[in-house]
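To keep things clear, I will list the structure first and then write my remarks on it.
Below, all heavy atoms of this structure are taken into account, side chains as well, without hydrogens, waters or symmetry copies. Reminder, nothing fancy here: chain letters follow the sequence lines and each chain counts from 1. As the structure is a prediction and not an experimental result, all values here were calculated from the model.
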Protein chains: 2
Amino acid sequence: MNPADRQQRLDRFLAAHRESGLPVTHQRRAVFEAILDRQDHPTAEQVHRAVRQSLPQISRMTVHRVLGTLVSLGLVAKTCHPGSAARFDPRIHRHHHLVCLDCGAIIYVEDPRLNRIPRPRVNPSEFTIQDYNIHFRGRCARCQQKARSPRRKPTAKRAPAGTRGL
Amino acid sequence: MNPADRQQRLDRFLAAHRESGLPVTHQRRAVFEAILDRQDHPTAEQVHRAVRQSLPQISRMTVHRVLGTLVSLGLVAKTCHPGSAARFDPRIHRHHHLVCLDCGAIIYVEDPRLNRIPRPRVNPSEFTIQDYNIHFRGRCARCQQKARSPRRKPTAKRAPAGTRGL
DNA sequence: CTGCCTGCAAACGATTTGCACCAGC
DNA sequence: GCTGGTGCAAATCGTTTGCAGGCAG
């Protein structure tokens, strides 16, 4: 993320805390900063590992709780994933994902044409749509290659639990 | 599901097993039949409860394993959900979902216009797209009503774990 | 100073794994 | 009969909860 955007996000982070009367702790700031710089879509566990580089003593559950808070403040997004663990995403504007059916990798994708898709005709009293995103399922470059030339065992590298067969 | 479609699905179920050389056990058949009739998107646990009505002694882990097999045979779909537990879906053609941000309910939606959305421009050597589906996030009728008239505590009925803030 | 936050430990729910037994082919 | 599926128990993984102490406002 470029410095200007990053600063804007940090300002927004502080403003959201002020508005909600939440204290800005080192931990919250560190977790948020750790997420901002990620291009992938880390699990809570991965965020924990990243944050420990700046705050070695931070606990896993604090990371979980902070992530929950950040999500409910609308500062980060929780993106759903066929795997078991939740993924977190610093991008909160509308965007879409390529999801690899083999390894579970999530690739960010944005295309203005995808922001103009029709809304399904639903009775507004039955469901009100706020936003949407699209999951494109397929195979990433690495897994294509792996399938083409199974060097070792065909089941060389198992996909993360629950990732397959979306 | 109407009887004709249902029979077709059962035939396909048998054919897939024959092709793969997998034995057609009572348990597998019962699990598949239990899923076929669901309009919701049950968790493995819910499938287990349903199957026990016909096979009272079936164990939870058999249901898990059978669901995994059915998914890899392409007979049922595993749909990703912001909540913690995986959901299973008898519908294997392209379709989309309305997901309630409050209670996590999944509502099936199909609209021919949604089958003609543009593919994002991705380098095919980086990712090959097989299919896609759209998650429309919002609020279902029940939760809208609940928000409008909070009878008891505002946090009367907690959403399933991890459901919020997608 | 007060309240929320943090950290620890333990509980919890969903899912997986190892092993003995049983059933489909 | 052989192969693989099933059931049981226990382990595992991600996440949540209850409680004592700490820090931001």
Side-chain angles (χ1 to χ4, degrees), chain A residues 13-32 41-49 51-52 55-73 78-88 104 155 158-165, chain B residues 13-15 17-32 41-49 51-52 55-73 78 80-88 104 155 158-165:
Chain A
F13 166 84
L14 295 172
H17 279 72
R18 229 167 299 142
E19 285 165 24
S20 314
L22 296 171
V24 180
T25 60
H26 298 134
Q27 290 88 339
R28 286 230 182 103
R29 193 184 178 96
V31 168
F32 187 61
H41 300 68
T43 64
E45 178 63 32
Q46 291 171 318
V47 174
H48 182 217
R49 274 201 290 275
V51 176
R52 274 211 280 194
L55 279 178
Q57 79 291 3
I58 195 173
S59 80
R60 195 179 300 113
M61 43 241 58
T62 298
V63 173
H64 272 284
R65 267 180 299 214
V66 168
L67 286 171
T69 309
L70 294 177
V71 168
S72 63
L73 289 174
K78 185 176 186 173
T79 149
C80 78
H81 184 268
S84 37
R87 308 302 191 96
F88 296 89
T155 49
R158 289 285 301 175
T163 295
R164 280 156 180 258
Chain B
F13 166 86
L14 295 172
H17 279 72
R18 230 166 299 145
E19 284 165 24
S20 313
L22 296 171
V24 180
T25 61
H26 298 135
Q27 289 88 342
R28 273 215 257 263
R29 194 185 176 97
V31 168
F32 186 61
H41 300 68
T43 64
E45 178 61 32
Q46 291 171 318
V47 174
H48 182 216
R49 274 201 289 275
V51 176
R52 275 211 279 192
L55 278 177
Q57 79 290 3
I58 194 172
S59 78
R60 195 180 298 112
M61 43 241 57
T62 297
V63 172
H64 274 284
R65 268 181 298 213
V66 168
L67 286 171
T69 308
L70 294 177
V71 167
S72 63
L73 289 174
K78 185 176 186 173
C80 78
H81 184 269
S84 37
R87 309 301 192 96
F88 296 89
T155 50
R158 290 284 301 174
T163 295
R164 280 155 180 258

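The interatomic distance linking A:R29 (CZ) with D:dG25 (C1') rounds to 16 Å, in whole Å. A straight line from CD1 of B:I58 to P of D:dT6 spans 7 Å, rounded to a whole angstrom. Atoms CG (B:L73) and C1' (D:dG4) sit 14 Å apart, rounded to a whole Å. Between the P atom of C:dT15 and the CD atom of B:Q46 lies a distance of 11 Å, rounded to the nearest Å. Going from atom CD of A:Q57 over to atom P of C:dC5 covers 18 Å, rounded to whole Å. Between the P atom of C:dT6 and the CZ atom of A:R60 lies a distance of 16 Å, rounded to the nearest Å. Whole-Å rounding puts the A:R87 CZ to D:dC13 P distance at 16 Å. In this structure, CG of A:L55 is placed 18 Å from P of D:dG22, rounded to the nearest angstrom.
Pairing each heavy atom of B:C80 with each of A:C80, the nearest pair is SG-SG, 3.1 Å.
Scored by the salt bridge (Lys or Arg N to Asp or Glu O under 4.0 Å) test, A:R49 finds A:E45 as partners (sequence neighbours excluded). With sequence neighbours excluded, no residue forms a side chain to side chain donor-acceptor pair (under 3.5 Å) with B:T25. The side chain to side chain contact (heavy atoms under 4.5 Å, CB included) search around B:L55 returns B:H26, B:Q27, B:A30, B:V51, B:Q57, B:I58, not counting sequence neighbours. Take B:H64 and apply the ring pair (Phe, Tyr, Trp, His ring centres under 6.0 Å) test, not counting sequence neighbours, and it matches no residue. A search for side chain to side chain contact (heavy atoms under 4.5 Å, CB included) contacts involving B:T69 returns B:L22, B:R28, B:L73, not counting sequence neighbours. The ring pair (Phe, Tyr, Trp, His ring centres under 6.0 Å) test applied to B:F88 returns no partner, not counting sequence neighbours. In terms of the salt bridge (Lys or Arg N to Asp or Glu O under 4.0 Å) criterion, A:R65 has no residue partners (sequence neighbours excluded).
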Pairs under 3.5 Å (N/O, protein and nucleotides 19-25 of chain C):
{"residue": "C:dC25", "atom": "OP1", "partner": "B:V24", "partner atom": "N", "Å": "2.8"}

Polar atom pairs between nucleotides 12-14 of chain C and protein, under 3.5 Å, N or O only, would you list them?
none

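Dashed line: the shortest gap from a side-chain N or O of B:S59 to OP1 or OP2 of D:dG7 is under 4.0 Å.
Out of C:dT6, C:dT17, D:dT17, the shortest distance to the side chain of A:M61 is found at D:dT17.
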- Task: Check the pair A:F13, A:L70 against side-chain contact (heavy atoms from CB on, under 4.5 Å), reporting the backbone distance first and the verdict last.
- Result: CA-CA 9 Å; A:F13 166 84; A:L70 294 177; 3.8 Å; yes
- Message: Assess the residue pair B:L14 and B:R29 against the criterion (side-chain contact (heavy atoms from CB on, under 4.5 Å)); give the C-alpha distance rounded to whole Å, side-chain angles, the decisive distance to 0.1 Å, and a yes or no.
- Response: CA-CA 9 Å; B:L14 295 172; B:R29 194 185 176 97; 3.9 Å; yes
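Separation of atoms CD (B:Q46) and NE2 (B:H41) is listed at 11.5 Å; rounding is to 0.5 Å.
Rounded to 10 degrees, the angle separating the terminal helix axes of the helix from C:dC1-D:dG25 to C:dC25-D:dG1, each built from five base pairs, is 40°.
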